[in-house]
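Beneath this line is the structure, given in structure tokens, with notes to follow.
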Amino acid sequence: MSVVTRFAPSPTGFLHIGSARTALFNYLYARHFGGTFLLRIEDTDRARSTQEAIDAILDGMKWLGLEWDGEPIFQFARAARHAEVAKALMDSGKAYACSCTPEELDEMRAKAKAAGLPPKYDGRCRVNGAAPGKPFVVRLKAPQEGRTTIEDHVQGEVGVDNAQLDDLVLLRSDGTPTYMLSVVVDDHDMNVTHIIRGDDHLTNTFRQAQIYAGMGWALPDVAHIPLIHGPDGAKMSKRHGALGVDAYRDMGLLPEALCNYLSRLGWSHGDDEIFSRAQAISWFDLTSVGRAPARFDMAKLEHLNAHYLRGLENARLVEMITPDLEKILGSALTDLHKARLERGMQGLKERARTLTDLAQSALFYVHPVPLVFEPKARDLLSGEAMPHLRMVIAALHEVTTWDEATLEGMTRALAENTHHKLGTFAQPLRAALTGRAVSPSLFEVMEILGKDETLERLENVIYRNEDS
Ligand code: GLU
């Protein structure tokens, strides 16, 4: 039997990071077995479902590289089929009409509460039948004795006493199906073999199992994965960075890093921390999904991201940061700029954690004079540094072979001859050329900027210093 998994988000907000992990696990499981990974948009809550949220889910999935098979299935469009199953259950005596009013139900709940019992439907229409001519809902005849047990791939054997189960509503009085019914019918009709979802759905599974039983359908395999927690152990919230996938993209994270990180949140393959998509597919299984909630750690994610950044080709990285740089500059990058960035990229990418970092640290290569100086760089360009800069400028004018080695040799010789440390010249030079106190190798930067640009930047600093 071929494996079929599905990701079934409700389009009521962004593609949450926890949902992205659920999608990823379903994707990896299906691909591992050469099976099918389906996407079902659970848009039955008409008031809260939006096109914007649907787009965010589709975009997020595409960005993460979680290609689903076939077209997305929209749950709301299948309402007639869901109602048909409710009718079939009524016809076979597995479900019944219930005409109890909201007031009657409230009263029932209050009574149960007062008696210290779970707030359950008391089954009066199950016994007496619905009042004729009145609006009615359709309820499932849930078993009242015995126990429902499920073999969960992550949680192990889990069970509930059937006495606790409610006669859940399948169809509302306006004929629309409930979420519980829709999920079961869709999973059945889509031939889903494995349901992998958050463990907040575990209690739903016991109730859904009764619908499967009523229809004589086999319950798919289930795996309920623990939710993601923040580093402090509390359930992940916005405060911890429980954001939409798009927010991580905007922070300058790479999809390959995010997927690698998310796959390790709750699942493990020995001590492997960094691995490719192909490896994740070949290794993924449900037996290695843990029962303890995983903790989200932004620093770890950024560390992984730095690794993936370093692995990308320089030209590709230039392309990726170009929009950011153009936004900051307010103008398009020229070919000269792009060539500079590409030559400088090796040195830049070794220090960056995110694409946003990378764009910031690359900015000096393309920024017009005067640069923007960070405070630490400004400190390095005090009046005391000016005589040193002037000496360097004089020496640089004489340089005919403008390459890293020559420039370094010249600066070292200057330091030696004047009995100064190299830093006396190198630090203000770096600050004047990059606007920062930390940068890729200074002499590489000078080589890439070229003689004219280097001298222009240095002379501008002297000029501004005299002016102030
Ligand atoms: N639509 C549900 C959610 O977004 C998931 C339902 C399921 O996976 O069965 O939480």
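Start at 1 and go down the list; that is how both ligands and their atoms are numbered.
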*asked:* Tell me every residue that passes ring-ring contact (aromatic ring centres under 6.0 Å, His included) with His229, counting only those two or more places apart in sequence or in another chain.
replied: none
*Sub-4.0 Å heavy-atom environment of ligand 1, residues by chain*: Arg6, Ala8, Pro9, Ser10, Glu42, Tyr179, Val183, Arg197, His201
*Salt bridge check: are Arg457 and Glu453 linked by an N-O gap of less than 4.0 Å?*
yes
*Please identify each residue that fulfils salt bridge (Lys or Arg N to Asp or Glu O under 4.0 Å) with Arg78, with sequence neighbours left out.*
Asp186, Asp189
*Short side-chain to backbone donor-acceptor contact, Asp122 and Arg124, under 3.5 Å*: yes
*What class does the angle between the rings of His194 and His153 fall in, given that below 30° is parallel, 30 to 60° is tilted and above 60° is perpendicular?*
tilted
_Non-neighbouring partners of Glu107 that pass side-chain hydrogen bond (donor to acceptor under 3.5 Å, both in side chains), sequence neighbours left out_ = none
